[in-house]
Amino acid sequence: MPSPIPPCGIARSASSRSSAAGRPHSAPWERTEARAFAFFAIRKHGNTMLDPKRLRNDIETIAAAVGRRGFELDVEQFRRLEERRRDLQTETQRLQHERNERSKRIGEAKARGEDIEPLKSEVTEIAGRLKEAEAELDTLQAEIEEFLMGIPNPPHDDVPTGDDEEDNEEVRRWGEPPAFDFEPRDHVDLGARHDWMDFEAAVRVAGARFVVMSGAMARLHRALIQFMLDIHTREHGYREMYVPFLVNAASARGTGQLPKFEEDLFVTAGDPAYYLIPTAEVPVTNLARDRIIEAGQLPMRMTAHTPCFRSEAGSYGKDTRGMLRQHQFEKVELVQLVAPERSWDALEELTGHAEVVMQRLGLPYRVVTLCTGDLGFSAAKTYDIEVWLPGQQRYREISSCSNFLDFQARRMGARWRNPQTRKPEYLHTLNGSGVAVGRALLAIVENYQQADGAIAIPEALQPYMGGAEFLEE
RNA sequence: GGAGAGAUGGCCGAGUGGUCGAAGGCGCUCCCCUGCUAAGGGAGUAAGGGGCUGAUACCCCCUUCGAGGGUUCGAAUCCCUCUCUCUCCGCCA
């Protein structure tokens, strides 16, 4: 039976990036959403973001790995909880068995026309004890879930240990920062020409962290989107997707925005609430939620252009000038769903796909491996692509490419059927920006600026701009 | 917004209180037959969790028929609440 999901696939994660180290996490049990999800996880998938079996068998290794990201896993606490859980669960199941057996016997006795009253009172007594045991077990399991939910994805061995972006490891550079024989301006100054970028208008219409673009600049923005989508669909084998920009809570949970990072999201007022997507990763990766995908359909490579909405809570005062950090921006996203053994290769490929965009645009960039302190909560490894910004004289993130292994798949129930075992198993998810449109735009403006304030158009983009070599009007 | 119907395994679809984890079909796996192909015959085939174990092998057990709660000795089946889907009407594109 054909899956409604088209064959294709890559993924990324700016959102999941919201960090393990950066933000103080509130304890899960302090939030009702976390509790609700804990039950959800138990009932729906019976697991959490980490493989519970692996935790039981090899908790020391996991503790050491997440310890590298500054996360202290309380091994003793876990063992205590687990021991109690095992006893309680065994007892509960014993009582359930007892009840089932005796109820069955009542049915048989009744069929024979015997007196069933004494049997009934017996089962009633068992049911009473069972109810208590079940309630206690529920409470305990919720507690364990809360404990597990707070554990980040153990970083891959390759990931350098570090505190913040200072400790990220440069992998490679491409291109040379342009040498200007004049003082380069930033995109805010350059964008003021012809009202190409109007931040004041945006404040009147919406507020801070928005932009209004007009004329050739608006067209350039649109051209970039077409350009990127064409590359990924025609050359890299991705299927173009159009997806909802508002998602339900289950999807926000699936990719990890909820429950921990709710304050990063915009939410609608109605009931049920919708969440404005902070990245296309959310609707696209969730296409696989609660599904079993046939092996022949993997790898699934999907690309989507979407707006992204972020509250940017906690980044007050950061990057307030210009359009580097906005509440609304656009992105062409790459998402891949792959068989587990393929995911590390897929991460290299996916990162390469994003790099092609940079190279075609002639934008100097470097690739860094995020250190443990900068790594997003759900990612096992992330490459950031950073573009050179003459206005800031430094490299800034323009794409973030991550392998989540089975971390996301586990919590959203995204599986594939392993031909070897014939069993459904969790698949691996990846995603990456290919690339952020707004940031690509301002990178072009700054890197292609002329002494007189004119902006040249990268050659590869000219066909998308009616053949023009400079932004006009 | 008004009225009605429905939600069952990878998919379709039976099933109105016990022997139903669930008929049948499709799909899939293995075997047989057929000189390729097509067709045919047989067997098997839900997921999650726990226990046991060197074991992701057997075996035993528990849970799950949209979600949650209730009635009952016993619930896919009865009751309540919620969510979603479909059809018709209205409304708006």
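The sequence lines fix the lettering, A, B, ..., with proteins before strands; numbering per chain opens at 1.
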Task: 5' precedence on RNA chain B between A/Gly107 and A/Thr92 (nearest-nucleotide basis) - done: A/Gly107

Open item on the list: Please report the distance, rounded to the nearest Å, between CG in A/Asn418 and C1' in B/rC28.
Closed with: 15 Å

Open item on the list: Please tell me whether A/Phe266 and A/His327 form a close aromatic pair, meaning their ring centres lie under 6.0 Å apart.
Closed with: yes

- [ ] Tell me which of A/Leu119 and A/Lys104 sits closer to the 5' end of RNA chain B, going by the nucleotide each one is nearest to.
- [x] A/Lys104

Open item on the list: Suppose we define a pair by two distances each less than 3.5 Å, Watson-Crick or G-U wobble; what does B/rU29 pair with here?
Closed with: B/rA43

- [ ] Tell me, yes or no, whether the heavy-atom count around A/Glu235 atom CD, taken from other residues, nucleotides or ligands under 6.0 Å, exceeds 12.
- [x] yes

TODO: Check whether more than 12 heavy atoms from other residues, nucleotides or ligands sit under 6.0 Å from atom CZ of A/Arg54, and answer yes or no.
DONE: no

TODO: Between B/rC73, B/rG50, B/rU63, spot the one nearest the side chain of A/Asn100, thanks.
DONE: B/rU63

Open item on the list: From the set B/rG50, B/rC61, B/rA47, return the single nucleotide nearest to any side-chain atom of A/Pro424.
Closed with: B/rA47

- [ ] Among the candidates B/rG49, B/rU63, B/rG18, find the nucleotide nearest to the side-chain atoms of A/Ile106.
- [x] B/rG18

Open item on the list: Can you check the distance between B/rC61 and B/rA3, where both ends of the measurement are the P atom (answer in whole Å)?
Closed with: 50 Å

- [ ] Can you tell me the distance, in whole Å, between the NZ atom of A/Lys131 and the P atom of B/rG69?
- [x] 10 Å

Open item on the list: Need one value for A/Arg94: base, sugar-phosphate or nothing, where a base atom within 4.0 Å counts as base even if backbone is also close, heavy atoms only.
Closed with: nothing

Open item on the list: Between P on B/rU72 and CZ on A/Arg102, what's the gap in Å once rounded to a whole number?
Closed with: 20 Å

TODO: Under a 3.5 Å limit for both distances, which nucleotide forms a Watson-Crick or G-U wobble pair with B/rC52, could you say?
DONE: none

- [ ] Could you tell me which nucleotide pairs with B/rA5 by Watson-Crick or G-U wobble geometry, both distances under 3.5 Å, or answer none if nothing does?
- [x] B/rU85

